[in-house]
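Note: hydrogens, waters and symmetry copies are ignored here, and every other heavy atom, side chains too, is used.
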Amino acid sequence: MADSSKKMQIVFASAECAPFVKTGGLGDVAGSLPAALVRAGAEVIVMVPKYATIKDEYKAQMEHFSDFYVSLGWRNEYCGLEKLEHDGVTYMFIDNERYFARDYPYGFFDDGERFAFFSKAITESLQHLPAGFECDVLHCNDWQTALAPVFLREFYQGLPLYDRVKTVFSIHNVAFQGQFSDTVMEDILGVAHIPAAASQLRCDACSINYMLGALRYADAITTVSPTYAGEIQTSEFGEGLDGVLRERSYALQGILNGIDVAGFDPATDKRIAANYTVEDRSGKAVCKAKLQEELGLEVRDDRPLMVMVTRLTRQKGMDLVMYALDRILAGGVQVAVLGTGDRDYEDGLRYFQDKYPGTMAARIEFDPALSQRMYAAADMFLMPSKFEPCGLSQIIAMRYGTLPIVRETGGLKDTVIPYNEFTGEGTGFSFSNFNGDEMGDAVFRAARLFWDNRDAWNQLVTQAMSQDFSWTRSADKYLDLYFFMHPEIERPVTVVETAAEEPVATDKEPAAAEEPKTEEKPAAEAEVKPAAKPAAKKTTTRKTTAKKATTTKAAASKTTAAKATSTRKRTTAAAKKAAEAEVAPEVKVEPATAEAKPAAKAPAKTAAKKTAATTKKATAAKKTTATKSTTTKATTTKAAAKTTPKAVAKPAGKVEETPSESKAEAAVEAKPAAKTTTRKRTTTTTKKATTKAATPKAEAKAEDKPAVKAESAPKTTEVKAAPKVKAKTEPAKEPSVSPATPAETKAPTKKTSVRKATATRKRR
């Protein structure tokens with residue numbers, strides 16, 4: 001049974017975390033996702049190494065929470081926990097100066113030992129957390145924490161505190177796996193004597209792979225985009241781990257990263273030259289002019305400015321850039337690049353800057369403030385990655401109204417919708433193959449739209465800025481996973497799903513909205529109710545039952561419900577006729593007379609002519625007849641099958657005319673059946689007027705039957721219906737026949753007309 005009092009308690013372990021330490025996208029994720037999980041109602045503790053590079057202002061806020069020793073192979077290492085509360089999230093910094101008091105987080109000869117210690121310290125720390133915090137989910141990220149699921153299973157399983165812990169491992173970049181010599185297996189990890197662990201960590205005869213261990217030991221595996229989750233299961237992108245990822249594909253899913261929408265907001269960002277919003281983008285033009293001036297480019301608003309903020313590596317598509325840059329610059333597109341990386345790419349960019357002064361700018365440096373100004377000022381953002389697990393740059397660019405040009409891979413494919421010139425949809429431009437010419441073509445598709453169709457361009461910018469890439473959406477998907485692994489914990493209810501209860505059918509299809517009402521009443525009740533209840537209530541009923549309209553359609557397949565619905569419809573239909581009989585005298589008689597005569601000719605038999613004339617008189621009961629027929633039609637559906645369905649079509653769309661209907665219903669209660677006959681004959685002329693007023697109804701019925709004389713034929717059947725009803729009104733036992741089946745309702749067409757004729761003759 002779900003525990004409603006307990007919150008989901010998550011330990012989130014990462015080798016870096018903004019704002020304390022960050023070298024790439026992992027720092028952004030660890031800095032934003034836990035905060036979004038806390039806002040969604042979870043309790044989160046983030047574990048990060050206490051690097052020497054963390055700013056003193058943060059170190060000053062840390063309080064020593066606990067310390068203990070961690071066994072690592074043959075050694076015992078000191079581990080301190082330093083606690084810090086920041087933006088509603090609790091951070092625990094793993095303190096060991098021998099491993100972490102260095103100038104840079106990674107890149108040392110003993111990284112295998114350093115992060116094996118970090119993984120072991122994470123698992124050991126689960127028993128030293130604040131009171132009341134019992135870890136439900138241990139969420140590890142990348143190879144630096146990949147051994148935590150291995151240690152937890154091999155050394156801690158069976159201990160009560162650890163039995164409830166489920167492990168999630170997130171791959172941020174499968175290319176970085178943590179491969180080391182197998183000598184560390186015993187010397188550092190202490191698992192060489194455990195055959196299962198030793199075999200599952202080994203990636204070849206003399207190496208072990210930390211990430212491989214996590215892929216085999218973790219309860220669930222995630223990566224940072226749905227497309228990347230599929231790509232890493234192939235040999236092209238799997239970096240040697242595609243086999244195990246295919247084996248565990250049932251436990252693998254891709255969840256897109258988000259961005260800090262408050263931090264990256266052009267409306268409030270103080271780092272850019274001028275603020276702007278999606279509605280008023282005049283500030284963006286100011287940003288562009290200022291950046292062009294700052295970088296030494298020509299200050300022109302009629303030239304598209306394309307920027308790159310990236311690591312200068314092959315993975316980021318720099319080979320394609322070097323190949324196509326000459327063509328792009330010669331074509332009139334301004335280019336600005338910010339970043340550091342491989343020396344060849346750095347030199348190449350400097351060459352193009354010298355060759356195209358005023359058109360090309362290269363800044364070979366790391367400058368976060370300049371990168372922000374470039375996001376805000378540019379028209380286009382180039383990101384032609386060879387592979388990209390998720391990528392945040394293209395998301396940030398869209399947030400600032402800069403259209404991304406990307407290769408369709410990984411998260412780039414999942415986040416950027418390519419522009420469709422026919423429909424106008426899209427949020428950027430894309431190309432498929434890792435090919436310099438294709439990339440150049442994509443750049444000029446964007447540039448031509450900028451030059452030739454500025455309205456379409458502006459619409460595209462609006463669509464890009466309107467995308468939702470907040471962490472709230474991503475956190476919700478991670479919570480889906482956490483609660484799936486812990487069904488005993490009740491998920492907090494979020495107030496979101498109310499729109500589903502407001503069916504659109506209410507206003508558009510009044511008749512359909514009435515159907516649910518009839519399903520709630522038995523057929524017998526439906527016969528009495530129309531006369532007893534004021535028809536005015538139908539209008540209100542329609543609103544109250546509107547919500548049920550959607551659900552009842554699914555249930556309408558049941559026979560009883562269907563019968564009740566059809567009976568009610570017919571009742572309403574006939575009552576509506578009576579209502580219109582009241583109002584009808586105002587209608588001109590001449591045009592309708594012409595239609596009344598052809599109506600008599602519509603039946604195939606000659607006897608029907610006489611019948612039609614008489615029946616018109618008989619049907620013309622000013623108030624009683626139509627309403628009587630209302631009740632009786634509901635009960636004698638078998639006999640009147642052919643006429644009734646047509647009658648239904650008429651009033652269905654005119655339910656609003658209920659005040660007249662109530663008069664007719666009142667008349668039914670007031671006048672007995674015996675007097676009805678006399679009244680019918682006396683008011684023949686009134687009924688003729690009614691028949692003419694019913695002309696629009698006849699047209700409605702014509703839709704049901706595509707015959708040429710459909711308009712006239714329903715007239716006859718209408719009028720026939722009344723005598724039939726009258727004949728059967730005298731014996732009050734007919735109601736037992738009311739629930740007619742669909743099969744029965746179609747049969748008695750010809751017999752009905754004969755019986756009607758006979759009944760009419762008798763009366764005459």
Check: [X]/[Y] side-chain N/O donor and acceptor closer than 3.5 Å:
X      : Y      : result
Thr222 : Gln253 : no
His139 : Tyr482 : yes
Thr167 : Asp219 : yes
Asp269 : Tyr400 : yes
Thr145 : Ser119 : no
Glu154 : Gln157 : no
Gln127 : Tyr156 : no
Asp242 : Ser235 : no
Glu408 : Ser432 : yes
Ser181 : Thr183 : yes

All side chain to side chain contact (heavy atoms under 4.5 Å, CB included) counterparts of Val261, not counting sequence neighbours: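 By the side chain to side chain contact (heavy atoms under 4.5 Å, CB included) rule, Val261 matches Ile259, Arg399, Ser470.
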Is it true that a side-chain atom of [X] and a backbone atom of [Y] form a donor plus acceptor pair closer than 3.5 Å?
X      : Y      : result
Ser14  : Cys17  : no
Arg164 : Asp136 : no
Glu231 : Thr409 : no
Thr223 : Ile171 : yes
Asp163 : Pro160 : no
Ser225 : Pro389 : yes
Asp95  : Lys50  : no

Taking atom [atom1] as the centre, does [X] end up with more than 12 heavy-atom neighbours from other residues, nucleotides or ligands that are less than 6.0 angstrom away?
X      : atom1 : value
Tyr69  : OH    : no
Lys477 : NZ    : no
Tyr78  : OH    : yes
Phe484 : CZ    : no
Asp468 : CG    : yes
Phe366 : CZ    : no

How far does [atom1] of [X] sit from [atom2] of [Y], to the nearest 0.5 angstrom?
X      : Y      : atom1 : atom2 : value
Ile417 : Lys413 : CD1   : NZ    : 13.0 Å
Phe180 : Ser207 : CZ    : OG    : 10.5 Å
Thr310 : Tyr345 : OG1   : OH    : 11.0 Å
Asp110 : Phe115 : CG    : CZ    : 9.5 Å
Thr340 : Asp367 : OG1   : CG    : 11.5 Å
Lys59  : Phe93  : NZ    : CZ    : 10.5 Å

List the steps, then state whether side chain to side chain contact (heavy atoms under 4.5 Å, CB included) holds for Gln61 with Lys83. CA-CA 8 Å; Gln61 297 173 39; Lys83 183 181 174 187; over 6 Å; no
Please report the C-alpha distance between Val89 and Leu37 in whole Å, then the side-chain angles of each, then the deciding distance to 0.1 Å, and finally whether the side chain to side chain contact (heavy atoms under 4.5 Å, CB included) criterion is met. CA-CA 9 Å; Val89 181; Leu37 292 170; over 6 Å; no
Verify salt bridge (Lys or Arg N to Asp or Glu O under 4.0 Å) between Asp182 and Arg202, making sure each step is shown before the conclusion. CA-CA 7 Å; Asp182 63 354; Arg202 188 176 292 282; 2.9 Å; yes
Mind listing the closest non-hydrogen atom pair of [X] and [Y] along with its distance?
X      : Y      : result
Glu186 : Ala192 : OE1-CB, 3.0 Å
Ala475 : Ala36  : CB-CB, 3.6 Å
Gln177 : Gln179 : OE1-NE2, 3.0 Å
Lys120 : Leu72  : CB-CD1, 4.3 Å
Ser125 : Leu81  : OG-CD2, 3.6 Å
Gly112 : Tyr210 : O-OH, 2.8 Å

With a 4.5 Å heavy-atom cut-off, do [X] and [Y] have their side chains touching?
X      : Y      : answer
Met318 : Met308 : yes
Leu215 : Leu241 : yes
Ile188 : Arg75  : yes
Val174 : Met211 : yes

How far apart are the C-alpha atoms of Arg102 and Glu97, what are their side-chain angles, what is the distance that settles it, and do they pass the salt bridge (Lys or Arg N to Asp or Glu O under 4.0 Å) test? CA-CA 8 Å; Arg102 306 188 188 185; Glu97 292 195 354; over 6 Å; no
Going through the checks in order, is the salt bridge (Lys or Arg N to Asp or Glu O under 4.0 Å) test met by Lys386 and Asp319? CA-CA 10 Å; Lys386 185 172 177 61; Asp319 287 345; over 6 Å; no
Could you give me the CA-CA distance, side-chain angles and deciding distance for Arg314 and Asp342, then say whether salt bridge (Lys or Arg N to Asp or Glu O under 4.0 Å) is met? CA-CA 9 Å; Arg314 175 173 167 77; Asp342 296 350; over 6 Å; no
Salt bridge between Asp476 and Arg473, side-chain N to carboxylate O under 4.0 Å?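 Salt bridge flag = no for Arg473 with Asp476.
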Could you walk me through whether Arg271 and Leu370 pass the side chain to side chain contact (heavy atoms under 4.5 Å, CB included) check? CA-CA 9 Å; Arg271 299 165 291 183; Leu370 176 57; over 6 Å; no
Quick one, Tyr162 with Thr123, criterion side-chain hydrogen bond (donor to acceptor under 3.5 Å, both in side chains). Give me CA distance, side-chain angles, the key distance, then yes/no. CA-CA 9 Å; Tyr162 289 86; Thr123 51; 5.9 Å; no
Does the plane of the ring in Phe151 sit parallel, tilted or perpendicular to the ring in Phe155? Use 30° and 60° as the thresholds.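 Ring orientation of Phe151 relative to Phe155: parallel.
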Once the angle between the rings of Phe100 and Phe118 is folded into 0 to 90°, is it parallel (under 30°), tilted (30 to 60°) or perpendicular (over 60°)?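 Because their plane-to-plane angle is over 60°, the rings of Phe100 and Phe118 count as perpendicular.
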Cation-pi, Phe434 ring and Arg407 (6.0 angstrom, 45 degrees):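 Pair Arg407/Phe434 does not count as cation-pi.
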Full working for side-chain hydrogen bond (donor to acceptor under 3.5 Å, both in side chains) between Asp260 and Trp471: CA-CA 7 Å; Asp260 178 5; Trp471 272 107; over 6 Å; no
